[in-house]
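Below: the structure, in structure tokens.
One-based numbering along the sequence shown.
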Amino acid sequence: MERENKQLRDTVLRLEEENGSLAQEVVESKVDLRSQMDKLEERIDTLSKENKAFKTTAEATHALIKDLKEELQQSKDDYQKMLVKLTEDLQQRDLCVTEYKRLLQDLDGRHQKQLEEMDQELLQANAKLGSSQSSSVGQEASPEAVAKELRARDLEMELAQTKLELVSEQCKNQELQNQLADLQNKLAEQQTGKNKKK
């Protein structure tokens, strides 16, 4: 009986020691688990802050992209309006140049015809007065011939003025063509840049 009691006491002691070891392991496990949980909470907090910062940056970037798109569209609209206006101005200048050319042709024809008529009248006057007085007749032409000569000079002045206006219009026309070409190049560059971004 005494032997059995001793065995029981030994068993109890052994179980108490094992229980103590298990209790120590539980405590150590709890400490280790708490440490891991603290690290995880810190990591979660860090990731939350990073995520918030990323969202803020993403929102700012999105707003910037939106503003840039609106600015690009506004620039394209402005360029398109300028292109339409320059095209219309260029067409109007072309019409002016065409009209000036027609006026020049008309004035050239009238001037040439006036000179031919005046030359013919002078020849007729010289023929009537004789070859000996041809020089005098050439200097003292009939009033009608003098009037035609004055008219011819007026036509020459009008022709010269029209030519100056034509040159001026051609210069303006060339300037508009250059502006139109520059505008078309800018539009093409914008479209190329947009396609590259895509």
Side-chain angles (χ1 to χ4, degrees), residues 29-117 148-198:
S29 295
K30 285 183 178 180
V31 172
D32 185 56
L33 182 60
R34 181 71 260 178
S35 176
Q36 292 181 6
M37 288 179 64
D38 290 341
K39 290 180 180 179
L40 285 174
E41 287 176 354
E42 290 178 0
R43 182 58 177 163
I44 290 172
D45 185 59
T46 301
L47 289 175
S48 297
K49 291 179 179 178
E50 290 178 354
N51 185 49
K52 185 177 180 180
F54 175 77
K55 286 183 177 179
T56 302
T57 304
E59 290 174 357
T61 303
H62 180 72
L64 178 61
I65 291 173
K66 182 180 178 182
D67 292 341
L68 289 175
K69 284 183 177 179
E70 291 177 355
E71 184 178 348
L72 176 61
Q73 186 60 45
Q74 184 63 42
S75 297
K76 289 177 68 176
D77 292 341
D78 291 342
Y79 275 126
Q80 191 64 33
K81 290 178 182 178
M82 290 176 62
L83 180 62
V84 171
K85 186 178 184 303
L86 283 174
T87 302
E88 292 175 352
D89 290 345
L90 187 59
Q91 291 174 347
Q92 186 63 33
R93 295 292 182 185
D94 286 338
L95 291 175
C96 290
V97 170
T98 301
E99 180 64 18
Y100 276 121
K101 287 181 178 180
R102 187 190 66 76
L103 289 174
L104 279 175
Q105 291 177 352
D106 183 58
L107 287 173
D108 280 335
R110 288 165 59 189
H111 182 242
Q112 186 62 33
K113 183 178 180 182
Q114 191 78 20
L115 289 176
E116 291 175 356
E117 290 177 355
K148 288 187 176 183
E149 183 177 358
L150 292 175
R151 177 58 182 160
R153 290 178 182 176
D154 290 339
L155 286 173
E156 287 179 349
M157 292 294 293
E158 187 177 352
L159 183 63
Q161 181 64 30
T162 304
K163 285 181 177 179
L164 287 176
E165 291 175 354
L166 175 61
V167 171
S168 176
E169 288 297 325
Q170 287 176 332
C171 290
K172 292 178 181 178
N173 192 35
Q174 183 62 43
E175 182 179 354
L176 282 174
Q177 287 178 340
N178 292 337
Q179 292 179 6
L180 182 60
D182 290 341
L183 186 58
Q184 289 174 335
N185 289 334
K186 289 180 180 179
L187 285 174
E189 289 175 359
Q190 277 191 348
Q191 189 63 36
T192 301
K194 184 177 179 182
N195 291 336
K196 287 182 177 179
K197 289 181 179 179
K198 290 181 179 180

OG1 (Thr57) and NZ (Lys52) are apart, to the nearest 0.5 Å, by 12.0 Å
Rounded to the nearest 0.5 Å, the OG atom of Ser48 sits from the CZ atom of Arg43 at a distance of 10.5 Å
To the nearest 0.5 Å, atom CD of Glu50 lies from atom CG of Asp45 at 10.0 Å
Leu83 backbone acceptor or donor facing Thr87 side chain under 3.5 Å:
yes
- Query: Is it true that atom CD of Glu70 has more than 12 heavy atoms of other residues, nucleotides or ligands lying nearer than 6.0 Å?
  - Reply: yes
Output for pair (Ile65 CD1, Leu72 CG), nearest 0.5 Å, gives 13.0 Å
Output yes when Asp77 and Lys81 qualify as a salt bridge under the 4.0 Å nitrogen-oxygen rule, no when they do not. no
Under a 4.5 Å cut-off applied to non-hydrogen side-chain atoms, are Arg34 and Met37 in contact?
yes
To the nearest 0.5 Å, atom CD1 of Ile44 lies from atom CG of Asn51 at 12.5 Å
Taken to the nearest 0.5 Å, the spacing of Asp67 CG from Gln74 CD works out to 13.0 Å
